[in-house]
Amino acid sequence: MENIEIARRLEELADLLEIQGANPFRIRAYRNAIRTVSGLTRPLSEVAAEDALTDLPGIGKDIGGYIGELLDTGKLSILDEVTAEVPRELATLTRLDGVGPKKARKLWKELDVTTPDELEAAAKEGRVAALSGFGQKSVEKILRAIEDFRKHQGRFLRAEAVQYLRPLLVHVEGVEAIRRLEVAGSYRRGKETVGDIDLLALVEGDDDRAGVMEAFTTFPGVDRIEMSGETRGSVVLTSGLPVDLRILGPESYGAALHYFTGSKEHNVEIRKRAQKRGLRVSEYGVFEEEGKGGDDGDANSDPHAGRRIAGATEEEVFGALDLPFIPPVLRENRGEIQAADQGALPKLVEADQLRGDLHMHTTWSDGRDSVRAMAEACRDRGYAYMAITDHSQAVTVARGLTPERLREQWVEIDEARDQVEGIQILRGCEVDILKDGSLDLPDDVLAELDIVLVAVHSHFDLDQATQTERILTALRHPLVDILVHPTGRLINRREPYALDMEAVLQAALEHDVAVELNTNPRRLDLHDRHLFRARELGVPVVISTDAHRTAQLAYVDEGIHQARRGWLEAGDVLNTRDRDGMQAWLKRREG
Ligand SMILES: [Zn+2]
Ligand SMILES: [Zn+2]
């Protein structure tokens with residue numbers, strides 16, 4: 001079980017216990033533990049294997065036991081006990097803006113409301129406003145929160161947020177007083193999903209600020225204004241995406257950009273490094289400590305304490321701490337500060353270093369465009385090679401190909417090779433891994449392919465040992481080249497299937513199989529943490545789009561963030577090789 005799933009389960013437990021009326025100290029301890037789990041870069045399973053769960057900050061005996069149980073069984077018996085008394089759906093209610101555990105308890109006890117739908121009905125009938133502690137205002141807020149909840153349950157895909165945000169950026173950038181406008185936060189760190197957007201505007205004169213705020217709040221795509229002050233404004237776009245704007249002067253812009261880019265864990269380490277140098281870092285700048293004693297470097301503490309020695313740019317902030325600039329995608333406290341200190345930051349891969357796309361579909365299975373159209377589009381992107389990889393027969397919903405139809409397709413691929421010059425078209429297939437780990441096409445057919453992709457498209461609910469063995473069996477097959485979308489997750493829709501990723505990566509290494517970073521924004525599979533591990537082990541990674549139409553070949557531009565978050569350099573990515581280099585890899589098992 002992944003750390004994030006464990007965190008989610010514990011969060012649900014804490015929410016329900018709070019609704020139940022449990023001891024507030026206990027709840028607070030649980031919330032602390034959840035923060036630890038969420039911020040942890042190592043898999044909890046590793047920590048548990050070392051019997052070191054309770055060495056983690058905030059993890060006591062109780063929580064350590066719960067984590068152990070989740071890792072061993074995937075279940076949490078205390079959660080079952082609590083949900084026997086408190087309806088589980090109430091945890092969802094507490095995540096609505098303006099509800100929270102106390103109000104959720106009241107809604108449940110007094111109105112028998114447990115779901116957003118029931119809450120909406122009760123609110124519209126005036127039953128909620130009649131409760132003590134709920135005014136008409138808070139009811140309106142709750143109704144809006146329910147609407148937002150339905151529109152986008154959970155977080156926004158980064159690729160979606162990019163689209164919601166773009167028109168706002170164009171609008172605000174048009175204001176003359178703005179010298180620089182940056183998006184900070186998890187968005188700038190290239191995370192796959194974002195909860196909200198932090199915009200930082202650099203404005204020189206105080207007089208111009210009002211105009212900037214005015215432009216921000218009057219953007220036509222603003223659904224409502226939450227707050228509009230002199231230096232800070234907060235709106236929600238019609239898409240439901242919350243956006244904050246901060247207006248800053250030149251002397252502290254870089255420090256604020258660094259601070260609001262995060263991650264929190266990275267910032268904590270940066271502050272520690274500053275302290276060792278007798279410096280203090282805050283969102284206002286880097287300061288020489290004056291009267292030392294008890295100052296914990298809190299960003300909200302007096303910005304005028306001490307002399308500012310840096311702050312205008314991020315380079316300046318890092319420089320004051322004897323560090324080179326650290327790219328935002330690396331700021332997750334995964335060793336980037338140490339690497340920077342040693343001059344060992346990775347030279348991160350760029351989208352324009354990719355020489356080909358090795359995973360795409362056509363009208364032969366569930367794609368929308370022909371072989372030729374895909375080939376032309378790849379050629380137009382400047383690729384040296386590409387692979388046509390339609391589904392195999394077992395994936396009936398995608399009209400997967402039988403050996404006979406696959407051979408028919410090869411005729412069309414040959415035609416496309418004649419028609420579209422300047423690009424090598426590889427004959428491939430996304431071969432289904434059957435339930436027992438065998439492959440969905442006979443070996444003689446596989447042997448005639450230039451490239452063999454394998455993937456799981458069914459039986460997602462096997463237990464971890466069985467699912468892992470299923471995939472290991474496929475990786476042992478001597479004709480397999482790439483394991484694609486290895487965890488099967490669909491962000492905000494489907495959890496990854498239970499898999500021992502360490503075992504999978506080790507097997508990929510042993511059998512000379514590459515693993516895919518699928519850049520479909522809903523997949524981004526492998527995840528950055530797994531990419532990081534693949535790089536450590538030396539398992540080659542392929543970055544492909546899994547395009548089902550020509551336009552989706554552009555998925556690579558958003559997906560590249562994930563590769564960079566995994567510290568990948570060009571040399572770690574197989575499809576940065578030129579045509580000869582790729583050909584040599586495809587023939588690696590021969591001779
Ligand atoms: Zn697939
Ligand atoms: Zn596919």
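This structure is a prediction, so every number in the text was calculated from the model and none was measured. Both ligands and their constituent atoms are indexed starting at 1 by order of listing.
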Which donor-acceptor pairs under 3.5 Å do side chains of residues 500-509 form with protein atoms, sequence neighbours excluded?
unit_1, atom_1, unit_2, atom_2, d
Asp500, OD1, Glu502, N, 3.2
Asp500, OD1, Ala503, N, 3.1
Glu502, OE1, Arg533, NE, 2.8
Glu502, OE2, Gln506, NE2, 2.8
Glu502, OE2, Arg533, NE, 3.3
Glu502, OE2, Arg533, NH2, 2.7

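Its N, O or S atom nearest to the Zn ion (ligand 2) is what matters here, and for His361 that atom is NE2.
If you look at His359 and His548, their ring centroids are not closer than 6.0 Å.
Within the sub-2.8 Å shell of the Zn ion (ligand 1), the protein contributes these N/O/S atoms: Glu430 OE2, His457 NE2, His485 NE2.
Note on ring orientation: taking the six-membered ring where Trp is involved, the planes of His391 and His361 are parallel (angle under 30°, cut-offs 30° and 60°).
Taking 2.8 Å as the criterion, His359 counts as a coordinating residue of the Zn ion (ligand 2), since one of its N, O or S atoms falls below it.
Arg427 forms a cation-pi arrangement with Trp410, by the criterion of a distance under 6.0 Å to the ring centre and an angle within 45° of the ring axis. Geometrically, Arg379 does not engage Tyr385 in a cation-pi contact, judged by NZ or CZ lying under 6.0 Å from the ring centre and within 45° of the ring axis. Because its NZ or CZ atom is not both nearer than 6.0 Å to the ring centre of Tyr383 and within 45° of the ring axis, Arg355 does not count as a cation-pi partner of that residue.
Of the charged side-chain nitrogens involved, none lies within less than 4.0 Å of a carboxylate oxygen, so that Arg334 and Glu265 do not count as a salt-bridged pair.
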